[in-house]
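What follows is a single structure, written as structure tokens, with notes after it.
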Amino acid sequence: MSVSDKEKDEIEKSSAPLIEHLIELRRRLIWSLGGFFVAFLVCFFFAKKLFNLLVVPFKWATKWAGLDPHKVELIYTAPQEFFFTQVKLAMFGGMVIAFPLIATQIYKFIAPGLYKNERNAFLPFLIASPILFLMGASLVYFFFTPMVMWFFLAMQQAGTDEQVQISLLPKVSEYLSLIMTLIFSFGLVFQLPVVTSLMTRVGMLSSKALAEKRKWAIVIAFVVAAVLTPPDPMSQIGLAIPTILLYEVAIWSARLIERSQERERLAREKQEAGETVADKAPDEPPAPAAS
């Protein structure tokens, strides 16, 4: 049996009526929404503790600025502001926690329609995606948020006879929006090797094309950083540089995938050639009888 016949058998085994696909889709959606709802409730229950955890980089920044980190103060100016800030934080945390479950349900829904080699190729990216997102979020939490807040704290002005006192009192909603924007931006950018590797596997990109567009990629990296991050040069440069480095990682990954695909193609051609020779070989003549 040829390779194409095996692939056809896999597709026929995975085929199902439309109603079965809709039932399967409903099941996967229920699992995804249920997982998100449970994660949302857990995060909302611990919303204040989570928010205090997100304020830790702000405390680090105040220490860098020579201020007392124990006197960090955030405010809210509307009665319902902090409540909706907690809801927003719970939704963001619930999505992050439930993402592995949601991604798994998506994979289980589309896996029956894929070839075996496609399923084996897709699974590593399913694992790498949340890991890369957490790497980007960790970079934001431990480095870029303290650096950005230190930059803003440096704009404060001490009160004297000639100038007024200008102090930073961030609102809880605006601080959460800032750190969520940074986490989302860096987490999204860190998916670049995953996206380019998938596109390389399906033949939409090549390492040569990525290398040729390197100059344009550098320009686009700074433009995207200017759009996604707050309007300060430190966070924009801080996002653009990892993006450029990840683009180089994407080129290297694309080359590895192309080499692997070339080895698989040569092995498949060798196997098909061996099967063709075996089919065309004449039957061996019977051995002569002993005299």
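The shortest heavy-atom contact between F92 and I183 is CZ-CG2, 3.7 Å. Here the shortest heavy-atom pairing between A221 and I244 reads CB-CG1, 4.0 Å. For the residue pair W64 and M147, the shortest heavy atom distance occurs at CZ3-N, 3.7 Å. I97 approaches P100 most closely through the heavy-atom pair O-CD, 3.3 Å. Closest of all the heavy-atom pairs between L210 and A254 is CD1-CB, 4.0 Å. When every heavy atom of A240 is checked against every heavy atom of A225, the shortest pair comes out as N-CB, 3.9 Å.
Donor-acceptor pairing under 3.5 Å is recorded for the side chains of E81 and S173. For the 3.5 Å distance criterion, the side chains of S260 and E262 fail to qualify, holding no donor opposite an acceptor. Using modelled atom types, one finds a donor on one side chain and an acceptor on the other under 3.5 Å when comparing K88 with S177.
In terms of the salt bridge (charged side-chain N to carboxylate O under 4.0 Å, His left out) criterion, residue partners of R27 (sequence neighbours excluded) are, by chain and number, E24. Qualifying ring-ring contact (aromatic ring centres under 6.0 Å, His included) partners for F190, counting only residues two or more places apart in sequence or in other chains: none. Applying the ring-ring contact (aromatic ring centres under 6.0 Å, His included) test to Y76 and every residue at least two apart in sequence or in another chain returns F82.
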Under the criterion side-chain contact (heavy atoms from CB on, under 4.5 Å), I'd like the reasoning laid out for K48 against Q86: C-alpha separation, chi angles, the key distance, then a yes or no. CA-CA 7 Å; K48 288 186 178 180; Q86 293 180 69; 3.7 Å; yes
Might you work through the salt bridge (Lys or Arg N to Asp or Glu O under 4.0 Å) test for E248 and R214, ending with a clear yes or no? CA-CA 9 Å; E248 296 297 327; R214 182 182 281 108; 2.6 Å; yes
Apply side-chain contact (heavy atoms from CB on, under 4.5 Å) to residues V219 and K215 and explain how you reach the verdict. CA-CA 7 Å; V219 175; K215 294 181 180 179; 6.0 Å; no
side-chain contact (heavy atoms from CB on, under 4.5 Å) assessment of T243 paired with Y247: CA-CA 6 Å; T243 304; Y247 189 82; 5.8 Å; no
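In summary, of the residues considered (E212, R259, E258), a side chain to side chain contact (heavy atoms under 4.5 Å, CB included) with S207 occurs for E258 alone. Screening V96, V189, L188 for a side chain to side chain contact (heavy atoms under 4.5 Å, CB included) with F133, the sole residue that qualifies is V96. For the side chain to side chain contact (heavy atoms under 4.5 Å, CB included) with M149, the qualifying choice from V72, L168, V55 is L168, the only one to do so. Only one option out of L89, T181, L74 pairs with L176 in a side chain to side chain contact (heavy atoms under 4.5 Å, CB included); it is L89.
Side-chain contact between E174 and L178: absent, with no pair of heavy atoms (C-beta onward) separated by less than 4.5 Å. Using a 4.5 Å heavy-atom cutoff, the side chains of R255 and I257 are not in contact. With a 4.5 Å cut-off on side-chain heavy atoms, R26 and I30 count as touching. Taking 4.5 Å as the limit, every side-chain heavy atom of L245 sits out of range of all side-chain heavy atoms of V249. Looking only at side-chain heavy atoms (C-beta outward), T85 and K171 stay at 4.5 Å or farther from each other. Taking 4.5 Å as the limit, some side-chain heavy atom of T62 sits within range of a side-chain heavy atom of L153.
For the atom pair OG1 of T200 and CG of L256, the computed distance is 10.5 Å after rounding to the nearest 0.5 Å. Residue F143 holds its CZ atom at 12.5 Å from CG of L182, rounded to the nearest 0.5 Å. Atom CD1 of I110 sits about 12.0 Å away from atom CD of Q105, to the nearest 0.5 Å. Rounding to the nearest 0.5 Å gives a distance of 10.5 Å between NZ of K213 and CD1 of I220.
Side chain of T196 to backbone of P193: a donor-acceptor contact under 3.5 angstrom is found. Remark: side-chain polar atoms of Q191 are paired, donor with acceptor, to backbone N or O of S129 under 3.5 angstrom.
I179 and L169 sit in two unconnected hydrophobic clusters of ILVMFWY residues. Membership requires side-chain heavy atoms under 4.5 Å apart, directly or through other members. A continuous path of ILVMFWY side-chain contacts below 4.5 Å connects V224 to V195, so both sit in one hydrophobic cluster. No continuous path of hydrophobic side-chain contacts links I106 to L29 [ILVMFWY only; heavy atoms under 4.5 Å]. Transitive grouping of hydrophobic side chains (ILVMFWY, heavy atoms separated by less than 4.5 Å) keeps M91 and F46 in distinct clusters. Transitive grouping of hydrophobic side chains (ILVMFWY, heavy atoms separated by less than 4.5 Å) keeps V42 and F44 in distinct clusters.
For residues 163-186, every residue pair satisfying the ring pair (Phe, Tyr, Trp, His ring centres under 6.0 Å) rule, not counting sequence neighbours, is listed here: F58-Y175, F144-F186. Applying the side chain to side chain donor-acceptor pair (under 3.5 Å) rule to pairs touching residues 136-155 yields nothing, sequence neighbours excluded.
Counting Ile, Leu, Val, Met, Phe, Trp and Tyr side chains that sit under 4.5 Å apart, directly or through other members, I166 shares a hydrophobic cluster with V164.
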